Amino acid sequence: METINIIYFGVLSEICAKSTEELDFTGTLDELQNLLIQKYPDLASQHFQYSLNQEISSLSDSVKPGDEVALLPPFTGG
Amino acid sequence: METINIIYFGVLSEICAKSTEELDFTGTLDELQNLLIQKYPDLASQHFQYSLNQEISSLSDSVKPGDEVALLPPFTGG
Amino acid sequence: MEASEYLIQGPLSSAFISGILDKADKKQVGAHAFFLGKIRADKVSDKRVVGIEYSAYDNLVTKAVQIITSSLLRKYDDLTDVQIYHSKGLVKVGEISLIVSVSCGHRKQAFAAMEDCVEQIKANLPVWKKELYDDQSHKWLEK
Amino acid sequence: MEASEYLIQGPLSSAFISGILDKADKKQVGAHAFFLGKIRADKVSDKRVVGIEYSAYDNLVTKAVQIITSSLLRKYDDLTDVQIYHSKGLVKVGEISLIVSVSCGHRKQAFAAMEDCVEQIKANLPVWKKELYDDQSHKWLEK
């Protein structure tokens, strides 16, 4: 079965102790967030947004197998 | 006898057909201007300011032998 | 993930500026402005910054740069070219992490477009900085 | 008349930028902005500009640059360095006639100081430009 690919950026890669992982998941980003916070409780206090297949997304968007989901803390480039 | 040195910049060097000249002169810049306009009538229609010994000056300032007077059209650097 | 052409591994150099100038329009550009972001040896409590480790979301950087560039070209009618390069990985104190180049016919829009571009990069480029300190510790910056 | 260190015979090159960067503060500068003035192939009636011949009052240029620089350093407390170089003599279309460099701790004052500096140069630097056209004629510009 195909999985979703999750990418953790910035401080989130430290909190989750990984940069990427694959998960069996189908549902909304909101549901995914609940799952991730159960897995990594320290995520709950972090500010971040999601991108879904490289587009900034909202929590109501649906994720399906094969999708790329990224957790993006506030940008600090420059 | 010591003279004053006059420098003509920009379009004024074309109007007067020279970049520099020496003149026997003592008096104010205002008096010098009357003299120069007699000599180069086309100066009368030009906008310019004076510097006296490399300081921007006003027409009431006095010029004495050895001084450097420059006629400065509007600056167009950059 | 595909590498972004706008992200350069390690510090940027003045050779980038020469390269941009060599390729620049030679006829219609009267005003060419560059902004360089550099790493400061800031003091944070009793530590000193020795470098910044940048991470980036390459694919999204490519899209963000293209969106910024086209938005600027629409907004400034005198603007003819925008170039953006950002470092990823380690950039040490004194080194360059960002180069922005804007070319315009005249100077007014060059000033405005350069500032606008840098602010859009700060707000919209998916890049993250981790400050590295002289005691070997580090901190992910939050703003 | 003594030559001004701020006036360069002929066009300026990107080597100037590299030179400025090499000498730049390596610890406290976070934002380094450059402005380059270049010669445009403007069309004037049915003629085309092929170059500009600059003349300048060297001694007064030196004074003017020093006044501009010190006024900027007083006005912008985050500004650490200002560099100004202007061409004299012939500069052809596509070549660089003015380089302004400003270094600041942070970006906000770099934008403001760069624009301020260029406007002060336009207003106060005793330099005059003669436009040269493709039919061998020329015109001293008045503004």
Side-chain angles (χ1 to χ4, degrees), chain C residues 11-43 48-50 52 78 80 91-119 121-122, chain D residues 11-43 48-50 52 78 80 91-119 121-122:
Chain C
L12 299 164
S13 72
S14 60
F16 262 88
I17 295 178
S18 306
I20 292 168
L21 279 168
D22 289 345
K23 285 182 289 179
D25 181 286
K26 299 284 188 284
K27 297 286 183 189
Q28 303 310 328
V29 172
H32 199 147
F34 286 90
F35 178 85
L36 281 55
K38 296 175 66 185
I39 312 301
R40 278 189 316 275
D42 279 351
K43 219 173 163 190
R48 193 165 287 281
V49 173
V50 295
I52 287 182
D78 194 37
T80 59
V91 185
K92 294 180 196 156
V93 161
E95 294 181 330
I96 301 167
S97 58
L98 170 66
I99 293 181
V100 169
S101 155
V102 298
S103 303
C104 285
H106 306 76
R107 69 188 185 279
K108 288 286 178 194
Q109 290 199 8
F111 301 133
M114 186 174 85
E115 177 165 4
D116 197 336
C117 186
V118 174
E119 296 303 334
I121 287 166
K122 291 272 178 186
Chain D
L12 299 165
S13 71
S14 60
F16 262 88
I17 296 178
S18 306
I20 292 168
L21 279 169
D22 288 346
K23 286 183 287 179
D25 182 286
K26 297 285 187 282
K27 296 287 183 188
Q28 303 309 329
V29 172
H32 199 147
F34 286 90
F35 178 86
L36 281 55
K38 296 175 65 186
I39 311 302
R40 277 188 319 272
D42 279 352
K43 219 174 162 189
R48 195 166 286 282
V49 173
V50 295
I52 288 183
D78 194 37
T80 58
V91 185
K92 294 182 196 152
V93 161
E95 294 181 331
I96 301 167
S97 58
L98 170 65
I99 293 182
V100 170
S101 155
V102 298
S103 304
C104 286
H106 306 77
R107 69 188 185 279
K108 288 288 177 197
Q109 291 200 8
F111 301 133
M114 186 175 82
E115 177 164 3
D116 196 337
C117 186
V118 174
E119 297 304 332
I121 287 166
K122 290 271 177 186

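These numbers come from a predicted model, not from an experiment. Order of the sequence lines sets the chain letters (A, B, ...), proteins ahead of strands, with each chain counted from 1.
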So does [Y] get a backbone contact from the side chain of [X], meaning a donor-acceptor N/O pair under 3.5 Å?
X	Y	result
D:D78	D:C104	no
D:T80	D:S103	yes
C:R107	C:A31	no

Between chain C and each of [options], count heavy-atom pairs under 4.5 Å; write down the option with the most.
options	result
D:G37, D:A24, D:G105, D:A15	D:G105
D:G30, D:S18, D:S13	D:G30
D:V49, D:V118, D:L36, D:D42	D:L36

Note, [X] side chain near [Y] side chain (heavy atom, < 4.5 Å):
X	Y	answer
C:V100	C:F34	no
C:I96	C:L98	no
C:F35	C:I99	no

Exercise. Take atom NZ in D:K26; do more than 12 heavy atoms of anything else shown fall under 6.0 Å from it?
Worked result: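 Yes, the 6.0 Å shell around NZ holds more than 12 heavy atoms from other groups.
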Problem set entry | D:K122, part contacting chain C, at a heavy-atom distance under 4.5 Å |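 Side chain only.
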Problem set entry | Verdict with reasoning, C:D25 to C:K27, per salt bridge (Lys or Arg N to Asp or Glu O under 4.0 Å) | CA-CA 6 Å; C:D25 181 286; C:K27 297 286 183 189; over 6 Å; no
Exercise. Are there residues of residues 110-117 of chain D that reach to under 4.5 Å of chain C by heavy atoms, and which ones?
Worked result: D:F111, D:M114, D:E115
Exercise. With chain D, which of C:E95, C:K92, C:H106 has the greatest number of heavy-atom pairs at distances under 4.5 Å?
Worked result: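 Result: the option with the highest number of such pairs is C:H106.
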